[in-house]
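Take a look at the structure below.
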Amino acid sequence: MKQKVSNPPDWRSDTVLPLPPEVKANAWAVDAGCSGNPGAMEYQGVDLATGARIFHFGPVFGTNNIGEFLAIVHALALMQQQGVHDKVIYSDSYNAILWVNKKQCKTKLERNARTEALFQVIARAEAWLRQHPVTVPIIQWQTRKWGDIPADFGRKK
């Protein structure tokens, strides 16, 4: 059963977002959205303490799983570039977390002229993962319990 989360209660001063008590506010949430699958895919990252969008990519032709994978890698690379080591990353995608842990995007999307640029981005993300240790915890967002992840694009019907 989903928790009813309202604007931050008075006792919670670590975030401007309505977060469940067990969710760390010193974190970034990432998510992807795709219109059709495959289709127009984009992803973004949101700071849970401030509610600010940290990064956005797309839309490009791809799949939701690819976007979820790239969003995690984008967050990891940006955290490393900015020297951020004390945050966690939340993602609602089991597959993307698995792919990041295996350092390989296991997509079944056809590689062709339309998708070649995206496959180049995937190759860069996989190379980054092989060359950098993942030191930031990646935690699966519990959508059934907590509701949509704050980085959600809000397109579900």
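In the hydrophobic clustering of this structure, Ile66 does not group with Tyr94; members are Ile, Leu, Val, Met, Phe, Trp, Tyr whose side-chain heavy atoms approach within less than 4.5 Å, directly or through other members. Connection of Ile89 to Ile139 is not established within any shared hydrophobic cluster, with ILVMFWY side chains joined at heavy-atom distances below 4.5 Å, either directly or through further cluster members. Cluster annotation: Ile122 and Leu78 are assigned to the same hydrophobic cluster (Ile/Leu/Val/Met/Phe/Trp/Tyr, side-chain heavy-atom contacts under 4.5 Å, transitive). When the side chains of ILVMFWY residues are joined at heavy-atom separations under 4.5 Å, either directly or via intervening members, Val73 and Val88 end up in two distinct hydrophobic clusters. Residues Val84 and Leu129 share a hydrophobic cluster, clusters being chains of Ile/Leu/Val/Met/Phe/Trp/Tyr side chains in contact below 4.5 Å.
Judged by distance alone, the side chain of Glu42 and the main-chain N or O of His56 form no donor-acceptor pair under 3.5 Å.
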Exercise. Could you walk me through whether Asp148 and Thr143 pass side chain to side chain contact (heavy atoms under 4.5 Å, CB included), step by step?
Key: CA-CA 5 Å; Asp148 287 336; Thr143 303; 4.0 Å; yes
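In this structure, Ser91 and Ile97 approach most closely via the heavy-atom pair O-CD1, 3.9 Å. Between Pro59 and Ala40 the shortest heavy-atom distance is CB-CB, 4.2 Å. In terms of heavy atoms, Pro150 sits closest to Val46 at O-CG2, 4.1 Å. In terms of heavy atoms, Thr63 sits closest to Met41 at O-CG, 3.3 Å. Between Val30 and Ala75, the shortest heavy-atom distance links the atoms CG1-CB, 3.9 Å. Scanning both residues, Gln140 and Asp92, for their nearest heavy atoms gives NE2-O, 3.7 Å.
Looking at heavy atoms from C-beta onward, Glu68 lies in side-chain contact with Asp31 at the 4.5 angstrom threshold. A heavy-atom distance below 4.5 Å is found between the side chains of Leu76 and Trp128. No side-chain heavy atom of Phe69 sits under 4.5 Å from any side-chain heavy atom of Lys106. Put simply, the side chain of Asp47 reaches to within 4.5 Å of the side chain of Lys87, judged on heavy atoms. Leu109 is listed as a side-chain neighbour of Leu118, based on a closest heavy-atom distance under 4.5 Å. No side-chain heavy atom of Ile72 sits less than 4.5 Å from a side-chain heavy atom of Trp99. Side-chain atoms of Trp28 and Val136, non-hydrogen and from C-beta on, never get closer than 4.5 Å to each other.
With rounding to the nearest 0.5 angstrom, the CG atom of Leu70 is 9.5 Å from the CZ atom of Arg124. Once rounded to the nearest 0.5 Å, the distance linking SG of Cys34 with CG of Asn65 reads 9.5 Å. Considering CD of Gln81 and NE2 of His132, their distance stands at 10.0 Å, rounded to 0.5 Å. In this structure, the separation between CZ on Arg53 and CD on Gln44 is 4.5 Å, given to the nearest 0.5 Å. Interatomic distance, CD1 of Ile149 versus CG of Leu48, reported as 7.5 Å (0.5 Å rounding). Taken from CD in Gln120 to CZ in Arg111, the straight-line distance is 5.5 Å, to the nearest 0.5 Å.
Using cut-offs of 30° and 60° on the angle between ring planes, the pair Trp141 and Tyr90 is perpendicular.
Aromatic ring centres of His74 and Tyr43: separated by under 6.0 Å.
Counting non-hydrogen atoms of other residues, nucleotides and ligands closer than 6.0 Å to CZ of Arg114 gives a total of 12 or fewer.
If you check the side chains of Glu22 and Trp146, you find a donor sitting under 3.5 Å from an acceptor.
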